[in-house]
Amino acid sequence: MTTFREFREKVPITQVAESLGYEVNLQKGKRRLEYKHPDGDTVIISNPHDCARQLYFNRDGSVDRGSVIDFVANRLPRFNEVYQSQAEGINKVLARLAHEPQPVKPSFAPPPPKAFTASRYAPQPVTLERLHYLTKARGLSPETVEKFLPFLRLVKDTAKAPDKSYANIAFPLTKAGSTEVVGYDLRNYGFKSVAAASDRRSGSWIADFAGAPARTRNVYFGENPIDIMSFYQLKRKEIDLASSVFISFGGGISRQQVKLALEQWPLAAKHTLFDNDYQGRVYDIVLASAISGRETSLRSSPTACSLM
């Protein structure tokens with residue numbers, strides 16, 4: 001006869017919940033899964049990929065929590081089983097579920113992404129004087145900002161009330177090989193954001209001084225535009241600007257961003273400008289692996305970056 005301990009190792013709480021009609025909401029997170037029943041009962045299940053270590057608790061703050069044994073015991077009347085004692089009922093439920101095929105993944109259809117609306121962000125006149133955040137707060141020289149001026153914008157969010165809409169510095173996001181703006185990284189004093197519905201999976205900030213792949217000899221990859229401009233300021237005497245392209249992935253790195261960049265500039269030398277910390281080294285590995293044609297997935301740490 002199978003023991004309760006063996007059942008905990010064989011039957012995940014997620015399977016039991018789904019058998020009762022609970023549905024997962026992956027928008028609430030994937031490290032701990034939220035399951036909700038049509039009657040409103042909501043539970044959180046931890047360790048969803050490790051059956052033996054799965055635990056749950058009820059959103060209502062009650063004592064409804066514990067292992068798969070507790071989950072079944074607290075919902076025994078919901079199962080169509082005939083039993084003389086609670087222990088017998090739990091055994092019958094788990095014995096039946098232990099022999100049923102388990103779904104590989106919870107079924108979930110994410111909502112379609114919203115399209116970026118460029119007209120929402122009204123362009124403002126761009127001058128060196130109006131970009132003083134970059135020179136005064138971020139230490140960039142006027143000469144450096146002037147060099148990158150063709151790749152900078154000032155925009156106002158027209159969806160905000162006029163008294164709350166400020167002109168923010170905008171780094172336009174485009175897909176490598178295209179001039180269509182698919183988003184903005186926004187910066188200002190005490191302000192850091194991304195324009196609504198920006199395509200961060202395909203779009204990058206690209207400062208293309210070469211103007212054509214055939215004239216591009218060096219491509220520099222960085223995490224954010226200000227880091228890239230700071231690098232240029234420090235190394236400008238060693239950089240042939242007329243044959244260079246600078247690309248910012250914007251605080252993350254996606255498979256599509258890398259793919260488009262490598263397809264657009266396949267022959268140019270690749271350089272990384274990421275921070276000299278753990279995250280920066282992760283980005284170096286991801287990019288080096290993509291250049292060499294190897295698949296990379298660094299998932300062991302919640303802070304690690306994996307190619308999406």
Side-chain angles (χ1 to χ4, degrees), residues 2-116 159 193-201 251-252 254 297-308:
T2 306
T3 66
F4 280 173
R5 180 176 181 178
E6 291 170 328
F7 277 135
R8 284 198 295 268
E9 295 174 353
K10 290 182 178 181
V11 183
I13 303 173
T14 51
Q15 182 191 4
V16 181
E18 289 174 3
S19 75
L20 290 176
Y22 287 77
E23 294 185 355
V24 66
N25 182 359
L26 294 182
Q27 290 182 311
K28 296 292 187 178
K30 297 181 181 180
R31 291 172 62 92
R32 296 192 308 172
L33 300 181
E34 178 181 291
Y35 275 83
K36 187 173 183 179
H37 194 271
D39 67 6
D41 186 42
T42 304
V43 297
I44 306 299
I45 300 174
S46 60
N47 303 309
H49 303 297
D50 187 344
C51 182
R53 297 178 58 235
Q54 275 190 20
L55 295 171
Y56 83 98
F57 66 88
N58 200 303
R59 274 286 196 201
D60 64 9
S62 68
V63 294
D64 180 20
R65 60 178 61 231
S67 69
V68 67
I69 309 301
D70 302 293
F71 187 87
V72 173
N74 290 329
R75 290 158 182 80
L76 204 49
R78 300 190 182 201
F79 297 95
N80 295 320
E81 300 290 350
V82 178
Y83 51 89
Q84 298 297 320
S85 66
Q86 185 183 67
E88 181 187 359
I90 295 171
N91 268 293
K92 282 191 172 185
V93 170
L94 294 177
R96 172 170 55 82
L97 293 174
H99 293 90
E100 289 183 357
Q102 299 178 24
V104 177
K105 291 182 179 179
S107 58
F108 172 73
K114 295 181 180 179
F116 174 69
S193 186
V194 179
S198 292
D199 183 356
R200 294 296 296 274
R201 292 212 165 191
S254 76
S297 180
L298 302 174
R299 300 179 184 275
S300 59
S301 167
T303 60
C305 171
S306 60
L307 282 179
M308 295 179 285

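Computed from a prediction, not measured in an experiment: that's the story for all the values here.
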**Asked** Is the NZ or CZ atom of R75 both under 6.0 Å from the centre of the six-membered ring of F71 and within 45° of that ring's axis?
**Response** yes
**Message:** Between Y35 and I45, is the side-chain contact (heavy atoms from CB on, under 4.5 Å) condition met? List the steps.
**Reply:** CA-CA 8 Å; Y35 275 83; I45 300 174; 3.6 Å; yes
**Complete:** To the nearest 0.5 Å, atom CG of L76 lies from atom CD of E88 at 10.0 Å
**Request:** Nearest 0.5 Å please: distance from the CG atom of D70 over to the CZ atom of R65.
**Result:** 10.5 Å
**Message:** Looking at I13, is its backbone amide N or carbonyl O close enough to the side chain of Q54 to form a donor-acceptor pair, meaning the two atoms are under 3.5 Å apart?
**Reply:** yes
**Request:** Calculate, to the nearest 0.5 Å, the distance between atoms CD1 and CD belonging to I90 and E81 respectively.
**Result:** 12.0 Å
**Message:** Tell me if a side-chain donor or acceptor on N47 pairs with a main-chain N or O of R53 at a distance below 3.5 Å.
**Reply:** yes
**Prompt:** Knowing that exactly one of L26, V24, N25 qualifies, which makes a side-chain contact (heavy atoms from CB on, under 4.5 Å) with K28?
**Reply:** N25
**Asked** What are the two closest non-hydrogen atoms of A115 and A197, and how far apart are they?
**Response** O-CB, 3.6 Å
**Spacing of CG belonging to L55 relative to CZ belonging to R32, to within rounding of 0.5 Å** = 11.0 Å
**Complete:** The residue among D39, V93, V72 that forms side-chain contact (heavy atoms from CB on, under 4.5 Å) with R78 is D39
**Complete:** Shortest non-hydrogen pair, H37 vs G21, comes out as CD2-C, 4.1 Å
**Result of checking I44, T14, V16, D64 against Y56 for side-chain contact (heavy atoms from CB on, under 4.5 Å)** = D64
**Complete:** Rounded to the nearest 0.5 angstrom, the OH-NZ distance for Y22 and K36 is 12.0 Å
**Request:** Could you tell me whether the side chain of S85 and the main chain of Y83 form a donor-acceptor pair under 3.5 Å?
**Result:** no
**Message:** Is it the case that atom CG in N80 sees more than 12 heavy atoms from other parts of the structure closer than 6.0 Å?
**Reply:** no
**Complete:** For C51 and P12 the tightest heavy-atom approach is SG-N, 3.4 Å
**Asked** Which atom pair, heavy atoms only, marks the closest approach of A87 to F4?
**Response** O-CZ, 4.2 Å
**Asked** What distance separates N74 CG from I69 CD1, expressed to the nearest 0.5 Å?
**Response** 11.5 Å
**Request:** Apply the test side-chain contact (heavy atoms from CB on, under 4.5 Å) to residues F79 and R96: give CA-CA distance (whole Å), side-chain angles for both, the deciding distance (0.1 Å), then the verdict.
**Result:** CA-CA 11 Å; F79 297 95; R96 172 170 55 82; 3.8 Å; yes
**Prompt:** Any idea which heavy atoms bring F116 and A195 closest together, and the distance?
**Reply:** CE1-CB, 3.9 Å
